[in-house]
Every structure is written in structure tokens, then in C-alpha cells.
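In what follows, a single structure is set out as C-alpha cells and then discussed.
Heavy-atom basis, side chains included; hydrogens, waters and symmetry copies ignored. For clarity, every value in this text was computed on a predicted model and none was experimentally measured.
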Amino acid sequence: MISSDISIDSINAMGKGTMVEHLGIEFTEVHTDGLTARMPVDHRTHQPMGLLHGGASVVLAETVGSVASHLCVNTEKYYCVGLDINANHLKAVTQGYVYGTAKALHIGRRTHVWEIRIVNEKQQLVCISRLTMAVVEK
């Protein structure tokens with residue numbers, strides 16, 4: 001699965017200059033079967049009513065799942081791209097941080113399927129997402 005010698009700093013460096021950096025997403029933990037990142041709930045991620053935007057939750061989910069997939073393949077031979085994502089938004093958040101954790105449901109040769117659970121600072125489930133990644137030869 002995910003190599004234990006991957007550093008958080010190297011993972012966070014991949015997001016420099018991208019939407020990941022713009023939204024303030026930071027990776028916080030690497031697990032053998034997944035990855036965790038946090039995202040602030042602030043002016044960058046709010047919808048007009050002052051709540052966490054559902055699209056921002058989907059960005060967090062796809063970011064965590066996509067990077068986790070990337071860490072499971074030989075990047076000299078393959079790259080991973082999103083094929084399908086869905087999300088159910090379960091609880092409103094107005095401030096603080098949300099944490100997305102991707103866990104592998106299936107790691108195949110050509111597809112990966114991830115479950116991403118997004119929780120608030122009280123560990124309450126905010127969003128549940130499933131991401132399917134295509135593994136493509138370079």
C-alpha cells in the first residue's frame with residue numbers, strides 16, 4: 001500500500017501553487033492504508049450562507065484520495081486520475097478545521113477505490129465520499 005518512508009513535508013510540497021495551497025489543505029498523517037489532511041473552514045471554503053461549501057468538501061476528498069492513490073503506484077510508470085467521485089454532506093460546519101481521511105477499499109492494477117470520511121474537530125462525520133481512481137500508464 002502506502003510506503004512508510006514518505007514524509008508529510010514531501011506530500012505537502014506537491015500542493016504548492018495549486019488549489020490545494022489556495023484552500024489551505026495540509027496533509028497531517030500517513031497511514032499504511034491511507035492518508036489524512038485538514039482544511040480550514042473560513043472565507044476560502046464558505047458558501048454565501050457562511051457554511052462549509054459542499055464543493056470544498058469534495059475538493060478535500062478528491063485531494064486526499066488522489067494523493068493516496070499516487071503514493072500506491074510506481075510513479076515512474078504510472079499516474080492516477082480521478083474517474084468518479086460522490087459525496088454525501090451530512091453536517092454543517094461554520095468554522096475551525098475539517099479532517100479528511102482516505103482509506104483504501106480496493107487497490108487494483110487499473111483502478112483504486114477510496115472511502116474518504118470528513119469529520120469536524122469534534123470527530124463528527126461531516127461528509128462521506130467515495131472516489132474511484134484510474135491508474136494510467138505513462
Audit row: His112, Thr132, side-chain hydrogen bond (donor to acceptor under 3.5 Å, both in side chains) steps and yes/no | CA-CA 6 Å; His112 297 170; Thr132 303; over 6 Å; no
Scanning both residues in full, the closest heavy-atom pair of His53 with Gln47 reads CD2-CB, 3.6 Å
Determine the minimum heavy-atom distance between Leu23 and Arg44, stating which atoms define it.
-> CD2-O, 3.6 Å
Check whether more than 12 heavy atoms from other residues, nucleotides or ligands sit under 6.0 Å from atom CE of Met14, and answer yes or no.
-> yes
Going hydrophobic residue to hydrophobic residue with side-chain gaps under 4.5 angstrom, can you get from Leu60 over to Ile8?
-> yes
Under 3.5 Å, is there a donor-acceptor pair between the side chain of Asn12 and the main chain of Glu26?
-> no
Hey, any chance Tyr99 and Ile2 share a hydrophobic cluster, counting ILVMFWY side chains that come within less than 4.5 Å of each other, even indirectly?
-> no
Are Glu29 and Leu35 close enough that some pair of their side-chain heavy atoms sits under 4.5 Å apart?
-> no
Give the intermediate values and the outcome of side chain to side chain contact (heavy atoms under 4.5 Å, CB included) for residues Leu52 and Val126.
-> CA-CA 10 Å; Leu52 175 61; Val126 170; 4.3 Å; yes
Could you grab the distance from atom CG of Asn120 to atom SG of Cys127, nearest 0.5 Å is fine?
-> 12.0 Å
Closest heavy-atom pair, Ile25 versus Ala37, reported as atoms and distance to 0.1 Å, is CG2-CB, 4.0 Å
Identify the two heavy atoms, one from Ile107 and one from Trp114, that lie closest to each other, and give their separation to 0.1 Å.
-> CD1-CZ2, 3.6 Å
Val113 side chain near Leu131 side chain, heavy-atom distance below 4.5 Å = no
Student check: side-chain heavy atoms of Ser57 and His89 closer than 4.5 Å | yes
Joint cluster assignment, Val73 & Phe27, ILVMFWY side-chain distance < 4.5 Å = no
How close do Ala87 and Val58 get, heavy atom to heavy atom, and via which atoms?
-> CB-CG2, 3.8 Å
Kindly indicate, with the supporting measurements, whether the criterion salt bridge (charged side-chain N to carboxylate O under 4.0 Å, His left out) is fulfilled by Glu137 and Arg109.
-> CA-CA 10 Å; Glu137 284 189 58; Arg109 290 182 322 176; over 6 Å; no
Enter the distance from Ile118:CD1 to Leu125:CG here, rounded to the nearest 0.5 Å.
-> 9.0 Å
Considering all heavy atoms of both residues, which atom of Pro40 and which atom of Thr45 are nearest to each other, and what is their separation?
-> O-OG1, 2.8 Å
For the residue pair Val81 and Val135, establish whether any side-chain heavy-atom pair is separated by less than 4.5 Å.
-> no
Find out whether Val30 and Ile11 are in side-chain contact, i.e. whether some heavy atom of one side chain is under 4.5 Å from a heavy atom of the other.
-> yes
Donor-acceptor pair, His46 side chain versus Thr94 backbone, under 3.5 Å?
-> yes
Arg130: what forms a side-chain hydrogen bond (donor to acceptor under 3.5 Å, both in side chains) with it, not counting sequence neighbours?
-> none
If we ignore angles and hydrogens, is there a donor and acceptor under 3.5 Å between the side chains of Ser7 and Ser10?
-> yes
Would you say Met19 and Val64 are hydrophobically clustered, going by side-chain heavy atoms of ILVMFWY under 4.5 Å?
-> yes
If you measure from OH on Tyr79 to CE on Met133, what distance do you get to the nearest 0.5 Å?
-> 11.0 Å
Quick one: CD on Gln95 to CD on Glu121, what's the gap to the nearest 0.5 Å?
-> 8.0 Å
Indicate yes or no: at least one non-hydrogen side-chain atom of Gln124 is less than 4.5 angstrom from one of Val119.
-> no
Verify side chain to side chain contact (heavy atoms under 4.5 Å, CB included) between Val136 and Cys80, making sure each step is shown before the conclusion.
-> CA-CA 6 Å; Val136 181; Cys80 300; over 6 Å; no
Assess whether atom NZ of Lys77 is packed by more than 12 heavy atoms of other residues, nucleotides or ligands within 6.0 Å.
-> no
Checking Arg38 against Tyr97: charged group under 6.0 Å from the ring centre and within 45 degrees of the axis?
-> yes
Please check if any side-chain donor atom of His70 sits under 3.5 Å from a side-chain acceptor atom of Thr75, or the reverse.
-> no
From Arg117 CZ over to Leu90 CG, what is the distance, rounded to the nearest 0.5 angstrom?
-> 9.0 Å
Nearest 0.5 Å, what's the CD1-OG distance between Ile85 and Ser66?
-> 7.5 Å
